[in-house]
Amino acid sequence: MSYKEFNPSEKLQHIIDKYWFSDSSETESISRVFPDCSMDILFNLGNSYFSKSHFKNNEIVLTGMMTNFSDVYLNKGCRIFGVRFKPLGLNLFINFDFNAIKNDTVKINEIFPDYWAESFKNIFSFTAIEDIINNFEDNIIRILTSNKRTLDQDVQLIISNISKYNDFSVQHAIKNVYTTQRQLEIKFKKEIGISIKEFININRFIRIKEEIKTSKFSLAEIAVENGYYDSSHFCKEIKKYTGYTAKKLK
C-alpha cells in the first residue's frame with residue numbers, strides 16, 4: 001500500500017491539516033489508524049474497504065473523533081482520498097453535535113445538506129490527485145463563502161490553552177474561560193466530538209508517539225516528562241491508542 005500526504009492551499013490551512021491519498025491497487029492490506037484529534041472526509045475512489053462498516057466505490061463518508069485505534073481492511077484496488085480537518089475546522093460551516101459520531105463513521109449526506117454532498121461527488125470525475133484536490137478546494141471555499149459560521153470562543157480558547165501548557169491538565173485547559181466546567185464540557189463535546197480530558201490525553205499521546213520514535217530517552221523518562229508517574233498507566237494508555245506496546249513503537 002502506498003500513502004502520500006499533501007498540504008492544503010494557504011487559504012484553507014486554518015481548517016485543513018492535510019490531504020492524503022492511500023492506494024492499495026496492487027494487493028489487499030490492513031491499515032491501523034490511531035487517534036489524532038481530527039475528523040476526516042473520505043472519498044472512496046476504488047474498490048470497497050471495511051472499517052466498522054462496509055464502504056463501496058464512489059461513497060463519501062465522515063469519520064468522527066477517535067478515542068482508540070481502528071483497523072481498516074482495504075481490498076485490492078482500493079483507493080482513498082482523505083481530507084483531515086483541524087479541530088473546529090468543520091464547525092466553520094456545519095452546526096452539528098459531533099459527539100454523536102464519536103468513534104463512528106457516517107455517510108456524508110447524513111451530515112451535509114444534499115446539494116453540498118452532491119457537489120462533492122464531482123471529485124469522482126477526476127483521476128489525478130492534483131485535480132481532485134483542486135476540485136475539493138473549489139467546493140469547500142464556495143461553501144465557506146456562502147455559509148461561514150462563528151466559532152465558539154470558549155472552545156477556541158480551550159484548544160489554544162491545551163497547545164500552550166505541557167502538564168495537560170483540565171484546569172489549565174479551562175483557564176480564563178469564565179463559565180462553569182459542566183457548561184464547557186457540554187459545548188466542547190458538541191463542537192469537538194470528545195470530552196476535554198479525552199482531547200488532552202490524545203494530544204499527549206500524539207506528542208509521546210513522536211518522542212518514542214525519535215527520542216534517545218528511555219520510555220520511563222518519556223513517561224515522567226509527560227506527566228506519568230505510574231509506568232503501568234503510561235503503558236496502558238499507549239496500548240489503548242495503538243494496540244501495541246510502547247516498546248513496539250520504538
Side-chain angles (χ1 to χ4, degrees), residues 12 14-18 33-44 51-55 59-70 72 82-121 136 139-163 168 170-171 173-174 176-206 240-241:
L12 289 174
H14 62 301
I15 67 170
I16 294 173
D17 178 38
K18 295 285 185 183
V33 183
F34 302 149
D36 60 3
C37 287
S38 69
M39 289 183 278
D40 293 37
I41 294 179
L42 308 181
F43 297 81
N44 190 352
S51 181
K52 291 183 177 179
S53 303
H54 175 205
F55 297 106
E59 284 190 336
I60 310 171
V61 298
L62 173 67
T63 65
M65 280 280 188
M66 296 171 56
T67 57
N68 44 47
F69 71 89
S70 177
V72 180
V83 183
R84 184 182 305 136
F85 284 86
K86 293 181 177 180
L88 289 175
L90 284 165
N91 306 70
L92 275 171
F93 47 92
I94 305 174
N95 181 17
F96 184 75
D97 182 359
F98 288 105
N99 189 240
I101 59 170
K102 170 183 169 180
N103 290 321
D104 202 358
T105 305
V106 295
K107 293 182 181 179
I108 201 73
N109 59 349
E110 296 180 33
I111 307 295
F112 287 83
D114 288 342
Y115 61 95
W116 289 3
E118 285 300 315
S119 70
F120 284 139
K121 289 182 180 179
F136 178 82
N139 275 319
I140 212 71
I141 289 169
R142 190 181 308 114
I143 291 170
L144 280 173
T145 302
S146 63
N147 210 67
K148 189 171 182 179
R149 299 178 63 243
T150 301
L151 297 178
D152 186 287
Q153 293 184 348
D154 289 339
V155 176
Q156 282 185 289
L157 183 55
I158 291 171
I159 290 174
S160 176
N161 286 343
I162 290 170
S163 68
F168 297 96
V170 173
Q171 291 310 308
I174 64 176
N176 299 324
V177 183
Y178 301 107
T179 187
T180 68
Q181 186 169 337
R182 176 172 170 74
Q183 288 175 321
L184 291 174
E185 285 285 3
I186 291 170
K187 289 201 294 185
F188 197 89
K189 280 185 178 181
K190 177 183 181 294
E191 299 293 328
I192 299 298
I194 55 179
S195 71
I196 298 171
K197 185 175 182 180
E198 286 172 324
F199 191 87
I200 288 171
N201 287 344
I202 293 170
N203 265 276
R204 176 166 59 179
F205 157 71
I206 292 168
K240 171 188 175 181
Y241 293 135

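Scope of the values below: all heavy atoms of this structure, side chains included, with no hydrogens, waters or symmetry mates.
Here the side chains of Ile174 and Asn161 are not in contact, with every heavy-atom distance at 4.5 Å or above. Counting only heavy atoms from C-beta outward, the side chains of Val83 and Asp40 never approach each other to under 4.5 Å. Counting heavy atoms from C-beta outward, Trp116 and Asn139 have side chains that stay 4.5 Å or more apart. No side-chain heavy atom of Val61 sits under 4.5 Å from any side-chain heavy atom of Val106. In this structure, the side chains of Ile140 and Phe93 come closer than 4.5 Å at one or more pairs of heavy atoms.
For Ile141, the side-chain contact (heavy atoms from CB on, under 4.5 Å) partners two or more places apart in sequence, or in a different chain, are Lys11, Leu12, Thr145. Contacts of Thr179 classified as side-chain contact (heavy atoms from CB on, under 4.5 Å), with partners at least two apart in sequence or in another chain: Asp154, Val177, Gln183, Leu184. By the side-chain contact (heavy atoms from CB on, under 4.5 Å) test, Asp17 pairs with Arg84, Lys86, sequence neighbours left out. Shown here are the ring pair (Phe, Tyr, Trp, His ring centres under 6.0 Å) partners of Phe205, two or more places apart in sequence or in another chain: Tyr241. In this structure Ile60 satisfies the side-chain contact (heavy atoms from CB on, under 4.5 Å) test together with Ile41, Phe43, Ile108, Phe120, Lys121, Phe124, sequence neighbours excluded.
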**Request:** Verify side chain to side chain contact (heavy atoms under 4.5 Å, CB included) between Ile101 and Thr63, making sure each step is shown before the conclusion.
**Result:** CA-CA 8 Å; Ile101 59 170; Thr63 65; over 6 Å; no
**Steps toward side chain to side chain contact (heavy atoms under 4.5 Å, CB included) verdict (Met65, Asn99)** = CA-CA 8 Å; Met65 280 280 188; Asn99 189 240; over 6 Å; no
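To the nearest 0.5 Å, atom CE of residue Met39 and atom CD1 of residue Ile94 are 8.0 Å apart. Note that the NZ atom of Lys107 and the OG1 atom of Thr105 stand 12.0 Å from one another [nearest 0.5 Å]. With rounding to the nearest 0.5 angstrom, the OH atom of Tyr115 is 14.0 Å from the CG atom of Asn109. Of the inter-residue distances, the one linking Ile162 atom CD1 with Ile202 atom CD1 reads 10.5 Å to the nearest 0.5 angstrom. Note that CE of Met66 and SG of Cys37 are 11.0 Å apart. Values are rounded to the nearest 0.5 Å. Expressed to the nearest 0.5 Å, how far CG of Leu90 lies from CD1 of Ile16 amounts to 9.0 Å.
Here the side chain of Asn103 pairs a donor or acceptor atom with the backbone of Thr67 at under 3.5 angstrom.
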Could you pull out all donor-acceptor pairs under 3.5 Å where a side-chain atom in residues 188-200 meets a protein atom, sequence neighbours excluded?
unit_1 : atom_1 : unit_2 : atom_2 : d
Lys190 : NZ     : Asn95  : OD1    : 2.8
Glu191 : OE1    : Asn91  : ND2    : 2.7
Ser195 : OG     : Glu198 : N      : 3.1
Ser195 : OG     : Glu198 : OE1    : 3.3
Glu198 : OE1    : Lys102 : NZ     : 3.3
Glu198 : OE1    : Ser195 : N      : 2.9
Glu198 : OE2    : Lys102 : NZ     : 2.8

